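To start, the structure under review is shown below, and the notes come after it.
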Amino acid sequence: MTEELSFQVYLSISQKKFEIYLLDKQNLKNIYKQKLYFENDKDIIDYNLLSSFLDKHIFKLEKLIGNFLKSIIVIIENKQILNFSMGIKKQNYGEKINKQYLESSLAELKNLFKENYQNNKIIHFVINRYLVDGVDHTSFDEQIDGDHICVEAKFISAPNILIKEISSVLEKYQIKLDRLFEKKYIENFFEGETLDLSIIASKIQSGYNNNEVVLIKKNTKKQGFFEKFFQLFS
């Protein structure tokens, strides 16, 4: 197995702690994990300290993997993260409300967010509820008749500048930022359980929250715009 298929590295960045994990994805078990606690009275990331932390662990991780580390998933807790809900209500003009119609509504909602928050990137896009003529629906396997559809979603986003700063630190090691998770969001799904952040993030990444929409790049294989969403409703 290649390194990309077998292992994933997770880096957690918060106000007073850095954590790094090497997760054996097949067995869902960490084979390496280290933490650094430090004093910090401001919610500002000390990138010099972060670089020093990575200096101590990147080589060890690459030795365990048996290859150069190409990407890292970052879990972040920071006051710059935006977390709020927004929705749209659309009048239906005789169309059947189905998966494609809902996809279009979600795309409109995403575009509305991007128009108003151009300096932020969506890191979590979660459907709170969708109603047809005021009635909640949990499945769009069949076409639904209705005059109105209302879709509400939660957006968690990070400033582009924050993403750029973290990416710049990783680029020193020829490592790319694979994906960003918000720490509080993923921890909420496993409240009361003593799981490492890497395992929590891996579970979320695998689709633990059925209502989270995973945005995919337009130049990938031919699928619906919201790949995970259609896995949910197929």
Side-chain angles (χ1 to χ4, degrees), residues 73-164 166 177-189 200-201 203-234:
I73 290 176
V74 173
I75 303 164
I76 190 160
E77 182 178 26
N78 191 278
K79 290 181 180 179
Q80 296 182 68
I81 302 296
L82 292 181
N83 186 335
F84 62 89
S85 295
M86 60 190 299
I88 57 170
K89 184 177 182 180
K90 296 173 59 179
Q91 185 172 352
N92 183 31
Y93 297 97
E95 293 185 60
K96 294 289 187 181
I97 298 175
N98 53 22
K99 294 176 183 178
Q100 289 71 32
Y101 192 99
L102 184 57
E103 178 191 45
S104 174
S105 298
L106 290 169
E108 288 183 41
L109 196 53
K110 177 188 69 71
N111 291 335
L112 182 63
F113 174 92
K114 293 181 71 174
E115 288 171 11
N116 288 278
Y117 298 92
Q118 297 180 14
N119 295 322
N120 278 53
K121 180 178 179 180
I122 299 169
I123 57 177
H124 297 289
F125 179 11
V126 183
I127 302 170
N128 288 340
R129 61 193 309 203
Y130 31 92
L131 304 93
V132 178
D133 293 344
V135 178
D136 279 297
H137 288 268
T138 58
S139 174
F140 277 77
D141 289 334
E142 298 178 359
Q143 299 185 114
I144 301 170
D145 292 313
D147 296 323
H148 298 89
I149 181 171
C150 180
V151 181
E152 180 187 282
K154 174 172 27 177
F155 289 92
I156 302 176
S157 67
N160 293 330
I161 185 64
L162 178 64
I163 296 172
K164 183 178 180 180
I166 295 171
L177 174 57
D178 186 5
R179 185 176 173 184
L180 200 61
F181 286 91
E182 204 273 326
K183 183 179 178 182
K184 291 181 181 178
Y185 165 73
I186 66 172
E187 283 183 326
N188 283 341
F189 290 96
I200 292 174
K203 287 177 177 288
I204 294 293
Q205 189 175 13
S206 299
Y208 186 87
N209 182 6
N210 288 332
N211 285 333
E212 180 164 2
V213 178
V214 177
L215 303 177
I216 59 173
K217 294 181 180 179
K218 293 181 179 180
N219 61 353
T220 56
K221 58 185 179 179
K222 293 183 179 179
Q223 289 183 323
F225 188 77
F226 299 99
E227 183 180 48
K228 177 62 181 65
F229 180 80
F230 283 105
Q231 290 175 355
L232 171 63
F233 289 105
S234 59

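What you see is a predicted model; the values in this text were computed from it and never measured.
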Is any side-chain heavy atom of [X] closer than 4.5 Å to a side-chain heavy atom of [Y]?
X	Y	value
Leu106	Phe125	yes
Ile76	Ile166	yes
Lys184	Glu77	yes
Pro159	Asn119	no
Ser157	Phe113	yes
Leu162	Ile81	yes
Phe189	Lys203	no

Measuring from atom [atom1] of [X] to atom [atom2] of [Y], what distance do you get when rounded to the nearest 0.5 angstrom?
X	Y	atom1	atom2	result
Lys90	Leu102	NZ	CG	9.0 Å
Arg179	Ile75	CZ	CD1	10.5 Å
Ile122	Phe155	CD1	CZ	5.0 Å
Leu82	Ile123	CG	CD1	9.5 Å
His124	Glu212	NE2	CD	5.5 Å
Glu182	Glu187	CD	CD	8.5 Å

Determine yes or no for a side-chain-to-main-chain donor-acceptor pair under 3.5 angstrom, with [X] supplying the side chain and [Y] the backbone.
X	Y	answer
Ser104	Gln100	no
Asp178	Ile73	no
Asp136	Leu131	no

Nearest atoms (heavy-atom pairs only) where [X] meets [Y]:
X	Y	result
Gln118	Asn160	O-ND2, 3.4 Å
Asp133	Gly146	OD2-CA, 3.3 Å
Val132	Asp145	CG1-O, 4.0 Å
Ser105	Ile88	O-CD1, 3.3 Å
Leu109	Ala153	CD2-CB, 3.6 Å

**Message:** I'd like to know if the side chain of Tyr185 pairs up with that of Asn83 as donor and acceptor (distance under 3.5 Å, no hydrogens or angles considered).
**Reply:** no

